[in-house]
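The structure presented is a predicted model; accordingly, all values stated were derived computationally and were not measured. Per chain, numbering begins at 1; letters A, B, ... match sequence-line order.
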Number of protein chains: 2
Amino acid sequence: MAATIKDIARETGLSIATISKYVNGGTLKEKNRIAVERAIKKLDYHVNEYARGLKSNRSRTVGVIIPELSNLFVTQIITAMEDILRQHGYSVIICDCHTDEKLECDAAKFLIGKRVDGIINMPVCRDGRHLRPAKEQKIPVVLIDRSVPELSSYADSVLIDNAAAARSAVEHLLDNGHRRIGIIVGPKDVFTSQQRLAGFVDALKSHSVEYDEQLVINSDYTLHGGYESMRAMLKTHPDLTAIFVTNYEMTLGAVIAANEMGIKIPQELSLIGFDNMDLSRIAHPRLTIVTQPLEEIGSQVARILLDRLENGYTGVPMKITLSTTLQIGASVRQL
Amino acid sequence: MAATIKDIARETGLSIATISKYVNGGTLKEKNRIAVERAIKKLDYHVNEYARGLKSNRSRTVGVIIPELSNLFVTQIITAMEDILRQHGYSVIICDCHTDEKLECDAAKFLIGKRVDGIINMPVCRDGRHLRPAKEQKIPVVLIDRSVPELSSYADSVLIDNAAAARSAVEHLLDNGHRRIGIIVGPKDVFTSQQRLAGFVDALKSHSVEYDEQLVINSDYTLHGGYESMRAMLKTHPDLTAIFVTNYEMTLGAVIAANEMGIKIPQELSLIGFDNMDLSRIAHPRLTIVTQPLEEIGSQVARILLDRLENGYTGVPMKITLSTTLQIGASVRQL
DNA sequence: CTTAAAAAACGAAACGTTTCACTTTTAAGG
DNA sequence: CCTTAAAAGTGAAACGTTTCGTTTTTTAAG
C-alpha cells in the first residue's frame, strides 16, 4: 500500500542503501538527490517508524507521567513541551496516574513496554521506585516540579525555586507592613508544599516576625480545597491582614470564597495568589501573583530530553532551577 | 539486551511460532503453557511493539487532536478515554493544535506518519479537510463534540445534544418566570455555539417570548471572555433577570464578574452555568448548571474506537448523542 | 593521462515479530 | 488397538528499515 524505500529505489534506479542514506540526512550526488526527492513526493513516501524502530531500537516517542491531566499547571507545561518535541519528530504519550503511586508504577512499566526513548515525570511516588526499571535500562528521565532524592544521581530535573518564590511573596507582604499573614499550602507530603512553606517561614524569620503555626493550612491544591481553606482561615483568624495562596486552583477557590463572604480585597484583606495570568488579569483588583514560567519549564524539559536523546547520557544529571516572578497587582494593601 | 521470542523458544525448547501463538492468545498444551509463562517471567520478556507493528501494520497507538489541552472539558474527556485505551494496551498520542487549522492539519499528518491505528479529534477545521488522508487510508476516525458534515459518511462521532441542553436550561428559567434572559455563547462559527444558541431560541419561541438579538453575546469560551461579556451584558442590559452562560471557563469568568460588581445571585440576577461540578458545588449559592457527561463521552469514544480497531469498519458511521443534565442549584430565583 | 584519495553507491544481513502451509501429537469413537 | 479428526506445534518467508564492508565513481594532484 504505502510506498517503501524499495519503491523509491526502483523508481530512481538507485539502491535501497542509498535511499536510506538520504532519508537519514546523508549526502547524495545532486542529480540523484533531486531524483530521490521527486520520487518521494510522487509516491508520497514516509519512513515506516516501526521498521526503523525495530532496527535502530529507537521509538522516537517519549512518555509523560503526570498526577492529573486536569490541572492547568500540568497542561500548560505539557503543551509547550509537546510542541517542541513534535517539531523534532518525537511523539508524546501521556499517562495520567490519578495521583496514585500504583498507577504511576504501572504507567512507567507501560511506557517502558512501549519502548519510549525517554520519560518525563512529575512524580507522585516520593522514593522514585517506579522509575527504577527506567534507570536499569538507561532510559533518560527528566523530573518536573518535584525532586526525588533517590533519583538525584541519575535523573535530570527542572524545578522551580519554590522557597524563593514564597519568600519573595511574603517579603512583599512584610514590606507593606503586614504581620499577621496566613498561608494556604498543598499537602504536607508534597515537595512543593514543603518548599513553599519553608520560604514562608524564612521570610518571617528574616523580618523577625513570629511564626504562628495556626496561620498555616495544609490543603490539597484543588479549587474546592482553596475555597474551604479560605473560609476556615477567615473564620478562625479574622485578624489576618494578608493571605498567601500557593497554587492556581486554590487561589481561584480563595478568591471566590472572599468574594462571597463580601470581603474586600485589598481593603480588608491582602492576597497574593499563584500561577495564573488570566485569573490575575481579570480579577478586580488585579491580583498580585507568583507566576511560574510554565512555558519555560516545558521548553527546558524538552530541550534537556532532546539533548539526552541525541547525545547520550553524560553521567552527570542536569538540574535546572527556574525562578518565579512576583507580578505586582493591586491586591496587596500598604498598611 | 532485552529478551526476544527466540530466547523464550530456546529456553522452553519450543519453536518461535508457538511462542508467538501464545503471546497472541493462542492455546498451548498445559505443560508448555506453564513452561512458556515461566520463561517469560524469568527472562522478563516483553513483546517488541516495533517488530510487531512492522509485521502486522498496527501500532496499537491512537492519536488525539484537540484545539487546546488547557481546557477542562478536553482534559476530562481525554483522561477517561486514555484510561480505557491504555487498559487495552493502546497508547495515546495527544496533539494540541492551538485552535489552528494549519496546525491541526499538520497534527493529522504527523499522526498518520506515526501510523496510528485510529484518530480521535475535536475538530477545528470545519470542512474536515485535515482528515481526508485518514479517510483515504481508511484509518478510523471518531469526532468529539463537533460535527463535520463533510465527514459524516465516514467518521463516527460522539456528540452532546447541545440544543436540548440549552433548551432545558432556558425552559427552567422561563418556568421560573424569567422573560428577559441573556445568553453568553461561544464563537459564531463553532458548532456547539450554534446549537446552544438554537436551543435558546427554540425555548423562547415555544414559550412565546420574543427573541431579542441584543441579549446574545458571542464570546470565546475563555475565562477572560466570560468575564468581559458578563460585564458588558450587565452594563448594557441592567433589566436582565437571568443569564445563561454556555461553558465552564466563561461561567467562571461570569461568576467572578458578578461577584465583583456586587450583584447578588439569585436575588438580583439568576444564572445558569455550564459544565463544572466543582465550581457549582463551591459557589454560594450553589450554581444551577448544565453538566455534560464528560466521562461518558470519553468512555464512549474509547469504546467505539476499540470496536473499530478490533472489528473493522462496517461502512455505517456511528453517531452517538449524549444528553446533558440540568443540575438544579440555587442560582435561579422564582420570579 | 595516471593515480590515489575521497565520495558516492551498493548488496546483503540483520532487527523481532506474524503468518501460512505443513507436520506431528493427542483424543475420541468404534 | 486402529482410524481419524482436531489440536498443537513447526519452519520459513516476509515486513521495511539500518548498517557494515565493499565496490564503483568522481575529483584533484602530479
Taking OP1 and OP2 of [N], is either one under 4.0 Å from a side-chain nitrogen or oxygen of [X]?
X: A:Asn57; N: C:dC15; answer: no
X: B:Thr4; N: C:dG16; answer: no
X: B:Asn24; N: C:dT18; answer: yes
X: A:Tyr45; N: D:dT17; answer: yes

Under the 3.5 angstrom rule, does the side chain of [X] hit a backbone N or O of [Y] as a donor-acceptor pair?
X: B:Tyr45; Y: B:Ala2; answer: no
X: A:Asp96; Y: A:Leu69; answer: yes
X: B:Tyr313; Y: B:Tyr154; answer: yes

Among [options], which nucleotide has an atom closest to any side-chain atom of [X]?
X: A:Leu14; options: D:dT18, D:dT10, C:dC10; answer: C:dC10
X: A:Ile5; options: D:dA8, C:dT17, D:dT18; answer: D:dT18
X: B:Thr18; options: D:dT18, C:dG11, D:dT10; answer: D:dT10
X: A:Ser20; options: C:dA8, D:dA8, D:dT19; answer: D:dT19

Got a donor-acceptor pair under 3.5 Å from the side chain of B:Lys55 to the base of D:dA14?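 Yes, the side chain and the base share a sub-3.5 Å donor-acceptor pair.
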Verify salt bridge (charged side-chain N to carboxylate O under 4.0 Å, His left out) between A:Lys42 and A:Glu11, making sure each step is shown before the conclusion. CA-CA 10 Å; A:Lys42 177 174 167 200; A:Glu11 177 82 15; 2.8 Å; yes
Rounding to an integer number of Å, can you tell me how far A:Tyr22 OH sits from D:dG16 P?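 Distance check: A:Tyr22 OH to D:dG16 P gives 21 Å.
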Between D:dT26 atom P and A:Glu30 atom CD, what is the distance in whole Å? 15 Å
Contact class for A:Leu28 (heavy atom, under 4.0 Å): base, sugar-phosphate, or nothing?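 Since only primed, P, OP1 and OP2 atoms lie under 4.0 Å of A:Leu28, the category is sugar-phosphate.
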Please compare A:Arg52 and B:Ser15 by the position of their nearest nucleotide in DNA chain D and report the one closer to 5'. B:Ser15
Base partner of D:dG30, which must satisfy Watson-Crick or wobble distances under 3.5 Å: C:dC1
Just wondering, are more than 12 heavy atoms of other shown residues or ligands nearer than 6.0 Å to CZ in A:Arg129? no
Tell me which of B:Lys29 and B:Ser56 sits closer to the 5' end of DNA chain C, going by the nucleotide each one is nearest to. B:Ser56
